[in-house]
Amino acid sequence: MKFSDMAERQILKAQAEGQFENLRGAGKPLNMSDNAGSSDAVGFRIMAEAGALPREIELRKAVEAQTEKLRAAPTEEDRRREARVLADLQLRLDIEAEARRRFYGR
């Protein structure tokens, strides 16, 4: 099944469930000035406002949070443990990003 077919199916399902009713900004044009030229960014922003972030974005946030945990680790043992978790998260993020690039041919 093509991605566009899956997306269309999800949109139709959400419409049937009434998830598009009473949305903030409904009927108003999108503000394209924030990330002009970046359709991915616009799509991600719309998904975020709907509470449905792609796995790649969730992993980016997790990497940022884990980086802060690593910086705050008080002992060398804690730093090693947090670094292992960070390396795992970064690997998952890289896999997700590579899958997206391959899927979209970028």
Side-chain angles (χ1 to χ4, degrees):
M1 177 177 275
K2 293 187 333 189
F3 179 76
S4 60
D5 293 339
M6 289 181 1
E8 184 66 26
R9 186 180 274 178
Q10 288 292 5
I11 290 169
L12 292 173
K13 179 183 174 199
Q15 282 177 324
E17 293 173 352
Q19 294 182 13
F20 294 134
E21 296 174 11
N22 302 318
L23 291 176
R24 182 174 54 91
K28 298 178 184 171
L30 292 175
N31 181 1
M32 301 296 281
S33 64
D34 292 344
N35 294 303
S38 175
S39 61
D40 286 346
V42 171
F44 287 157
R45 190 183 81 236
I46 292 169
M47 290 172 67
E49 289 175 358
L53 288 177
R55 182 76 178 129
E56 186 178 348
I57 301 300
E58 291 174 355
L59 284 168
R60 285 184 198 279
K61 288 182 176 186
V63 165
E64 289 174 15
Q66 188 61 33
T67 300
E68 290 305 314
K69 282 176 126 178
L70 176 59
R71 287 185 184 135
T75 67
E76 186 63 30
E77 182 180 330
D78 291 336
R79 282 189 289 278
R80 276 193 221 120
R81 183 176 50 249
E82 300 301 342
R84 281 192 297 271
V85 173
L86 179 60
D88 180 60
L89 287 170
Q90 187 63 55
L91 178 62
R92 288 192 218 171
L93 174 59
D94 292 343
I95 290 169
E96 289 286 334
E98 179 64 21
R100 179 183 44 80
R101 279 191 294 276
R102 286 182 181 209
F103 183 81
Y104 289 110
R106 294 179 188 174

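Numbering of residues begins at 1 and proceeds along the displayed sequence. Treat the numbers as computed from the prediction; the structure is a model and nothing was measured.
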Please report the closest heavy-atom contact between [X] and [Y], naming both atoms and the distance.
X	Y	answer
L70	A83	CD1-N, 3.8 Å
A73	R79	O-NH1, 3.2 Å
L59	E96	CD1-CG, 3.5 Å
V63	Q90	CG1-OE1, 3.6 Å
E56	L93	O-CD1, 3.5 Å

[X] and [Y] ion-paired at < 4.0 Å:
X	Y	value
R80	E77	no
R102	E98	yes
D88	R84	no
E58	K61	no

Supply the atom-to-atom distance R9 CZ to L12 CG, rounded to the nearest 0.5 angstrom. 9.5 Å
Interatomic distance, CD@E64 vs NZ@K69, rounded to 0.5 Å, equals 14.5 Å
Could you tell me whether the side chain of Q66 and the main chain of E82 form a donor-acceptor pair under 3.5 Å? yes
